[in-house]
Amino acid sequence: MNEVIKDMERYAEANNVPIIEKDSIKFIRKYIKLNDVKKILELGTAIGYSAVMMASVKDDVEVTTIERDDKRYREAVKNVNACGMDKRIEIVFNDALDVNLAGHKYDLIFIDAAKGQYIKFFEKFENYLNPGGVIITDNLKFHGLVNNKEKIESRNVLGLVNKIEKYIEYLKERDDFVTRFYDIGDGLSVSFRANDEKVKNID
Ligand code: SAH
Ligand code: MG
């Protein structure tokens, strides 16, 4: 399994697949351990790296992860099988906004798919949150470009960065959720329902 993880890191590097940063996955793994997380939903599998890293925290973790890119989906299936994790990681090949998960609830929802659609993802998937559950969002700094817009040369990138800034504002304005922002990796947030009494072990 450690070999497969190293292979995934090398593949991601060689093929420009944006897998999670080391400090960020360390933070999430610790959260899973301290808060007895069992059911995880991930938006954006890529090649399965973060899914495997989350599922391997402890034996009772189950991950459902969604990927819309055919090549990455197939690579993820291969990697999850190679880790012997196919019983605990279900990979769904679809657009996250088209998936129906009726009847399922999750302790942790990890948003790591198209950065321009974060508000849509949040509004769809908050309905799948278990009591006591959290939504963790990755890449809120977008490679350091959020709050450094003068460095941006491409219109597309500027559009995405503006959307991430809108998402951050949106999270701050959602009074029914508490969101904490972390300057870890490429920027993370942890959101949970404000009326949720359960104490969270976050940092
Ligand atoms: N979580 C992965 C990295 C994900 S990269 C890791 O850390 O290892 C983001 C992925 O989200 C890309 O592979 C992209 O194809 C996928 N994606 C983007 N928008 C999506 C959507 N609407 N539905 C499903 N997958 C999406
Ligand atoms: Mg990411």
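As the structure lists them, so they are numbered: ligands from 1, and atoms in each ligand from 1.
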Checklist entry - the Mg ion (ligand 2) is nearest to which N, O or S atom of Asp112? => result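 The atom in question is OD1.
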
Could you tell me the separation between the [atom1] atom of [X] and the [atom2] atom of [Y], rounded to the nearest 0.5 Å?
{"X": "Asp176", "Y": "Asn195", "atom1": "CG", "atom2": "CG", "answer": "8.0 Å"}
{"X": "Lys26", "Y": "Met53", "atom1": "NZ", "atom2": "CE", "answer": "11.0 Å"}
{"X": "Lys30", "Y": "Asn35", "atom1": "NZ", "atom2": "CG", "answer": "10.5 Å"}
{"X": "Ile184", "Y": "Ser189", "atom1": "CD1", "atom2": "OG", "answer": "11.0 Å"}

Item to check | ligand 1 versus Ile25: contacting region, heavy-atom distance under 4.0 Å | outcome: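 Within the 4.0 Å criterion, Ile25 makes no contact with ligand 1.
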
Checklist entry - Between Asn94 and ligand 1, which part of the residue brings a heavy atom under 4.0 Å of the ligand: side chain, backbone, both or neither? => result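 Contact part for Asn94 vs ligand 1: backbone (N, CA, C, O).
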
Provide the number and element of each atom of ligand 1 under 4.0 Å from a heavy atom of [X].
{"X": "Ala46", "answer": "2 (C), 3 (C), 4 (C), 5 (S), 13 (O)"}
{"X": "Glu42", "answer": "1 (N)"}
{"X": "Phe121", "answer": "22 (N)"}
{"X": "Ile19", "answer": "6 (C), 7 (O), 8 (O)"}
{"X": "Asp69", "answer": "15 (O)"}

Checklist entry - Using 30° and 60° as the class limits, which term best fits the ring planes of Tyr170 and Tyr167: parallel, tilted or perpendicular? => result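 Aromatic pair Tyr170/Tyr167 classed parallel.
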
Item to check | Mutual orientation of the aromatic rings belonging to Phe125 and Phe121 [parallel < 30°, tilted 30-60°, perpendicular > 60°] | outcome: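 Answer is tilted, since the angle falls between 30° and 60°.
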
Minimum distance, heavy atoms only, to [atom]: which one of [options] is it?
{"atom": "atom 11 (O) of ligand 1", "options": "Gly44, Ala76, Pro18", "answer": "Gly44"}
{"atom": "atom 19 (N) of ligand 1", "options": "Ser50, Ala114, Ala96", "answer": "Ala114"}
{"atom": "atom 15 (O) of ligand 1", "options": "Gln117, Glu67, Arg72", "answer": "Glu67"}

Just list the side-chain donor-acceptor pairs under 3.5 Å for residues 73-80, sequence neighbours left out, or say none.
from, atom 1, to, atom 2, distance (Å)
Arg74, NE, Asp70, OD1, 3.3
Arg74, NE, Asp70, OD2, 3.4
Arg74, NH2, Asp70, OD2, 2.7
Glu75, OE2, Lys78, NZ, 2.9
Asn79, ND2, Ile47, O, 2.9
Asn79, ND2, Glu75, O, 3.2

Checklist entry - Is the closest heavy-atom distance from Ile47 to ligand 1 below 4.0 Å? => result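 Distance cut 4.0 Å: Ile47 fails for ligand 1.
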
Restricting to N/O/S atoms, is [X] within less than 2.8 Å of the Mg ion (ligand 2) or not?
{"X": "Asp138", "answer": "yes"}
{"X": "Glu21", "answer": "no"}
{"X": "Ser50", "answer": "no"}

Item to check | Lys149 and Asn162: side chain donor to acceptor below 3.5 Å | outcome: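 Side-chain D/A pair, Lys149 to Asn162: present.
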
Item to check | Side-chain H-bond candidate by donor/acceptor type, Lys115 with Asn139, under 3.5 Å | outcome: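 Note: Lys115 and Asn139 side chains meet the donor-acceptor criterion.
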
Which heavy atom of the protein is the closest neighbour of [atom], given with residue, atom name and distance?
{"atom": "atom 22 (N) of ligand 1", "value": "Asp95 OD1, 3.0 Å"}
{"atom": "atom 17 (N) of ligand 1", "value": "Ala113 CB, 3.7 Å"}
{"atom": "atom 20 (C) of ligand 1", "value": "Arg68 NE, 3.4 Å"}
{"atom": "atom 9 (C) of ligand 1", "value": "Asp112 O, 3.1 Å"}

Checklist entry - Between Ile20 and ligand 1, does any nitrogen or oxygen pair lie at a separation below 3.5 Å? => result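 Between Ile20 and ligand 1 (N or O atoms, distance only) the closest approach is under 3.5 Å.
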
Side-chain donor-acceptor pairs under 3.5 Å in residues 11-23, sequence neighbours left out?
from, atom 1, to, atom 2, distance (Å)
Asn15, ND2, Tyr11, O, 2.8

Item to check | Asp95/Arg68 ion pair, N-O < 4.0 Å | outcome: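 The answer is yes: the pair qualifies as a salt bridge.
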
Checklist entry - Taking the side chain as C-beta and beyond, is there a heavy-atom pair between Asp69 and Thr45 under 4.5 Å? => result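 Asp69 does not reach Thr45 side chain to side chain.
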
